[in-house]
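I have placed the structure first, in the form of structure tokens, so that the comments after it can refer back to it.
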Amino acid sequence: MPQYKSQLVRFAGNPLFRAEEFPYGIADQVFNPGQVMTPDGRTILLLSVLPRGERLARCHVAESTDGIHFTIHEKPLFSADDTAFPGLDNHPIDCRITWFPEDDCYYIIRPGGDADTGTIAFLYRTKDFLTAEPIEIVAMTHNRVPCLFPEKINGQYVRLDRPYSAGAPYEKSFANIWLSRSPDLIHWGEHRLVLRRNCTRWCNLKVGPTVPIRTEKGWLEIFHGVQQCFSSWRYSIGAVLLDLENPEKVIGLMNSYLLTPETDYERFGVVPDVVFTTGAVVEPKSRELRIYYGGADTCVNLATGNLDEIVENCLKGI
Ligand code: BMA
């Protein structure tokens, strides 16, 4: 049984996206979307879609004006045979999207590489989600999910990373969250450890980042945590608050998760007992935090909470 109660409210109409309703061919999985809210209030999701009979996923853009009803673009933004990084494009999933006002564009970071090369990270730039311009490979093995902060801090680009600390990614390797800085988005250094696995009871194996959200009290960082249970892994979602000026400094950490697998669509599917997110969006007027998350690597769901309450819970360590 879960140790705490999930603190987010699940949308009554979950799942929002089911593989069987995917409009462009038969899909076995539609899951773990990249997510961002545009300056004019549209919600953009980058859905990871696994077509039936195929081994590798594609990413399709879905967009909405109310955060609930989405239109899916037919042409994928990323597919496994993109030619941007020949021989290394592979299984595009888990996109992290950052709206970066100063550069007037969205940055997308997504995994590449394979079991042989090890997983790496590709950086892209887009203005419209119709095309994405490849920039560079910005992380070497095994580090596939850097998350870019939405502004420069003290004149530098900053990101959170999740390199594996031991073993290959698909083995029982530990993983912690690190931070690094760059003058140009390409060259990264000044690495700092931010959050260790085991920082709370429900993430004793790994923790992994999402794109940070600026609040008045600190950077809200929604992260995923993996708990090694007796015979399986359990993926949950939690929250930590980082210092605005010095984001390697943790100033608040929720002891409980925000969300853990409890419903059938989170407990049963291609990979059981998974709630997984690559980000979150905030509706600025209501201060609602919306997390579009994958359930059991099979479907996409929505859960919401109040931004300010979650920040307070981080500060109180609830
Ligand atoms: C992680 C990611 C997620 C996935 C999770 C559980 O490593 O690849 O896309 O939801 O594993 O399978």
Side-chain angles (χ1 to χ4, degrees), residues 19 27-34 46-60 76-97 108-124 132 134-147 159-178 180 188 191 197 203-210 223-229 231-235 269-278 293-300:
D28 284 335
Q29 293 167 254
V30 177
F31 65 120
N32 299 359
L46 255 175
L47 305 172
S48 306
V49 177
L50 188 71
R52 174 141 315 162
E54 290 185 26
R55 207 171 46 84
L56 303 175
R58 306 190 297 234
C59 285
H60 285 260
L77 188 63
F78 301 124
S79 58
D81 56 3
D82 282 351
T83 51
F85 301 101
L88 294 171
D89 292 313
N90 189 35
H91 201 39
I93 56 168
D94 296 355
C95 294
R96 266 70 172 181
I97 310 172
I108 304 173
I109 301 182
R110 73 161 179 94
D114 53 41
D116 191 50
T117 63
T119 52
I120 55 178
F122 300 148
L123 172 67
Y124 291 82
I135 303 178
E136 233 337 320
I137 295 174
V138 289
M140 281 299 286
T141 62
H142 293 291
N143 182 6
R144 61 178 180 170
V145 291
C147 295
R159 76 186 197 191
L160 296 172
D161 282 313
R162 197 278 303 273
Y164 287 90
S165 56
Y170 305 108
E171 293 166 1
K172 289 180 186 169
S173 47
F174 300 138
N176 306 301
I177 296 180
W178 290 71
S180 55
W188 293 89
H191 303 279
R197 70 176 185 101
C203 49
N204 60 9
L205 189 67
K206 309 180 201 182
V207 286
T210 69
F223 64 97
H224 78 263
V226 186
Q227 183 178 23
Q228 187 160 20
C229 304
S231 60
S232 64
W233 290 357
R234 184 179 187 85
Y235 281 73
V270 175
V271 183
D273 287 327
V274 175
V275 293
F276 186 93
T277 187
T278 61
Y293 67 98
D297 284 10
T298 306
C299 57
V300 175

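Of all non-hydrogen atoms in Ala175 and Tyr164, the two that sit nearest each other are CB-CD2, 4.2 Å. Annotation for Gly208 and Ile177: closest pair C-CD1, 3.6 Å, computed over non-hydrogen atoms. Across Pro163 and Asn176, no two heavy atoms sit closer than the pair CD-O, 3.8 Å. Nearest heavy atoms, Phe31 versus Ile93: CZ-CG2, 4.0 Å. Counting all heavy atoms, side chain and backbone alike, Arg162 lies closest to Val207 at CG-O, 2.8 Å. Closest of all the heavy-atom pairs between Arg110 and Asp89 is NH2-OD1, 3.4 Å.
Counting heavy atoms from C-beta on, the side chains of Thr278 and Cys95 never come closer than 4.5 Å. Ile108 places a side-chain heavy atom less than 4.5 Å from the side chain of Leu77. Proximity of Cys203 to Arg197: side-chain heavy atoms (C-beta onward) are nowhere separated by under 4.5 Å. Contact annotation: the side chain of Leu160 never approaches that of Trp178 to less than 4.5 Å [non-hydrogen atoms, C-beta and beyond].
Ser232 OG to Gln227 CD: the interatomic distance, rounded to the nearest 0.5 Å, is 9.0 Å. Going from atom CG of Asp28 over to atom CG of Asp297 covers 12.5 Å, rounded to the nearest 0.5 Å. One distance of note links CG of Asp114 with CD1 of Ile120; it measures 8.5 Å at 0.5 Å rounding. We find the SG-CG distance between Cys299 and Asn32 to be 9.5 Å, quoted to the nearest 0.5 Å. The OG atom of Ser48 sits 10.5 Å away from the NE2 atom of His60 when rounded to the nearest 0.5 Å. Atoms NE2 and CG, on His91 and Leu50 in that order, are 6.5 Å from each other to the nearest 0.5 Å.
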Chi angles and distances behind the side chain to side chain contact (heavy atoms under 4.5 Å, CB included) call for Leu205, Phe174:
CA-CA 5 Å; Leu205 189 67; Phe174 300 138; 3.9 Å; yes

From CA spacing to verdict: side chain to side chain contact (heavy atoms under 4.5 Å, CB included), Phe223, Lys206
CA-CA 10 Å; Phe223 64 97; Lys206 309 180 201 182; over 6 Å; no

Step-by-step side chain to side chain contact (heavy atoms under 4.5 Å, CB included) determination, Asp94 to Phe276:
CA-CA 9 Å; Asp94 296 355; Phe276 186 93; 3.8 Å; yes

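Looking only at distances, a side-chain donor or acceptor of Asn204 sits under 3.5 Å from a matching main-chain atom of Gln228.
Shown here are the side chain to side chain donor-acceptor pair (under 3.5 Å) partners of Asp81, two or more places apart in sequence or in another chain: Ser79.
Ring geometry for Phe78 against Tyr124 counts as tilted: the plane angle lies between 30° and 60°, on a 0 to 90° scale.
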